[in-house]
Protein chains: 2
Amino acid sequence: MKLLDIAEVSRQSGIAASALRFYEEKGLILSVGRRGLKRLFEPKVLEQLGLIALGRAAGFTLEEITSMLAPAGKLKISRDRLAAKADELDSDIRYLIAMRNGLRHAARCSAPSHMECPTFRKLIRAAAAGLLAPEGKKPGARRSGRERKS
Amino acid sequence: MKLLDIAEVSRQSGIAASALRFYEEKGLILSVGRRGLKRLFEPKVLEQLGLIALGRAAGFTLEEITSMLAPAGKLKISRDRLAAKADELDSDIRYLIAMRNGLRHAARCSAPSHMECPTFRKLIRAAAAGLLAPEGKKPGARRSGRERKS
DNA sequence: GCTTGACCTCAAGTTCACTTGAAGTTGTAG
DNA sequence: CTACAACTTCAAGTGAACTTGAGGTCAAGC
């Protein structure tokens, strides 16, 4: 089993080396040794990183993800937890669909100004209400799509 | 036309007074005078705040929203811009739906461990790819649902 | 044996949208 | 008149997830 250095892991995963170091510091991934100063990773870290990406995409924080990763690099996610997150996504999706439909309407609405369009005004009220109404959610970064420098 | 003080605006809009001051500082809203030190707002600021909430819900930053508000407190949003944001939401929605379906499956999948479920593994690959593939997006706070202290 | 460049550590900085805290001012109730 | 609650300003802090910078180390190639 050949080990990968951080540059290789970064290249194959598309995650910046600084982020990999950060993940290791946080306990999300593990390096298995050093060559000189340089970290070495097992190839399975790539699968682990995929898992982390999935967690992030689903809206879990890194801390939550950490708690789902068992020491040995395997995962221990309860099915309940997954179902709960799916429900959460469902409500996000419904909200976004309402927004999208509203925006779509406003974009092609014939009212002279948006403020005169009843659908748009309804949207505004929905948004204002949405700020308070739906079950509390933290900012959660969705689909960061970080692009790397070089 | 009776003017509202900041406490009243806060109460009616559900937005913290500190946030209202912050919005004013940023040029998103305007106070029309003072009684003593205290800011006074026109009632239409409430509609303005709804507009801001809508923009935030659609994923615009405060800066972008500022650029859509014409000086007089009316808006100047191009229909193209709305349509573009609707398209963006659409792609977000598709992505979230894929995630939700995957999570839903994993939650009731009969594989002994998630890592042995092919659907889950496919999800992981999708998430890992999603980090690089889809058109770049900034973290954007979605559905903050800030709750107020008191 | 020396240079080079890729890595290392650690602290501090970034972004966004606010919040919090300290210290000051003011209209109003008593 | 005085106390007080409710506002005010301004600076600094928050949290998430990293990035950036300064200064250091090391294996490999010439």
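Below, chains carry the letters A, B, ... as their sequence lines are ordered, and counting in each starts from 1. Quick caveat, the model's predicted, so the values are computed rather than measured.
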Q) Can you find a side chain N or O atom of A/Tyr23 that sits less than 4.0 Å from OP1 or OP2 on D/dC18? A) yes
What pairs of donor and acceptor atoms, side-chain ones from residues 28-40 of chain B against any protein atom, are under 3.5 angstrom apart with sequence neighbours left out?
from    : atom 1 : to      : atom 2 : distance (Å)
B/Ser31 : OG     : B/Glu24 : OE2    : 2.4
B/Arg34 : NH1    : B/Leu37 : O      : 2.6
B/Arg39 : NE     : B/Glu24 : OE1    : 2.5

Q: Respond yes when some side-chain nitrogen or oxygen of A/Arg35 is under 4.0 Å from OP1 or OP2 of D/dA27, and no when none is.
A: no
Q. Looking at D/dA17, C/dA17, D/dT19, which one has an atom nearest to any side-chain atom of B/Thr61?
A. C/dA17
(Q) Once ring-ring contact (aromatic ring centres under 6.0 Å, His included) is applied, do any residues pair with A/His114, and if so which ones, sequence neighbours excluded? (A) A/Phe120
Q: Calculate the interatomic distance between A/Glu25 atom CD and C/dC10 atom C1'; express it in whole Å.
A: 9 Å
Q: With sequence neighbours excluded, tell me which residues meet salt bridge (Lys or Arg N to Asp or Glu O under 4.0 Å) with B/Arg104.
A: A/Asp87, A/Asp90
Q: State which residues pass salt bridge (Lys or Arg N to Asp or Glu O under 4.0 Å) with A/Glu63; sequence neighbours excluded, sorted by chain then number.
A: none
Listed pairs, N/O of protein and of nucleotides 5-8 of chain D, under 3.5 Å:
from  : atom 1 : to      : atom 2 : distance (Å)
D/dT8 : OP1    : B/Arg39 : N      : 2.9
D/dT8 : OP1    : B/Arg39 : NH1    : 2.9
D/dT8 : OP2    : B/Arg21 : NE     : 2.9
D/dT8 : OP2    : B/Arg21 : NH2    : 3.0
D/dT8 : O5'    : B/Arg39 : NH1    : 3.3
D/dT8 : O3'    : B/Arg34 : NH1    : 3.3

Q. Who passes salt bridge (Lys or Arg N to Asp or Glu O under 4.0 Å) against B/Glu116, sequence neighbours left out?
A. none
**Q.** Nearest-Å distance for atom pair CZ/C1', residues B/Phe22 and D/dA12
**A.** 14 Å
**Q.** Spacing between A/Leu28 atom CG and D/dA16 atom P, to the nearest angstrom
**A.** 13 Å
(Q) Over the length of the helix from C/dG1-D/dC30 to C/dG30-D/dC1, how much do the five-pair end axes diverge, rounded to 10 degrees? (A) 30°
Q: Quickly work out the B/Lys26 NZ to D/dC10 P distance and round it to whole Å.
A: 15 Å
Q) Can you check the A/Arg11 CZ to C/dA6 P distance for me, whole Å? A) 15 Å
(Q) Checking B/Thr119 now: which residues fulfil side chain to side chain donor-acceptor pair (under 3.5 Å) with it, not counting sequence neighbours? (A) B/His105
Q: Mind checking salt bridge (Lys or Arg N to Asp or Glu O under 4.0 Å) for B/Arg94 and listing every partner two or more places apart, or none if nothing turns up?
A: none
Q.
Any salt bridge linking A/Arg121 with B/Glu47? Criterion: basic side-chain nitrogen under 4.0 Å from a carboxylate oxygen.
A. yes
**Q.** Value in whole Å for how far the P atom of D/dA17 lies from CD1 of A/Ile29
**A.** 15 Å
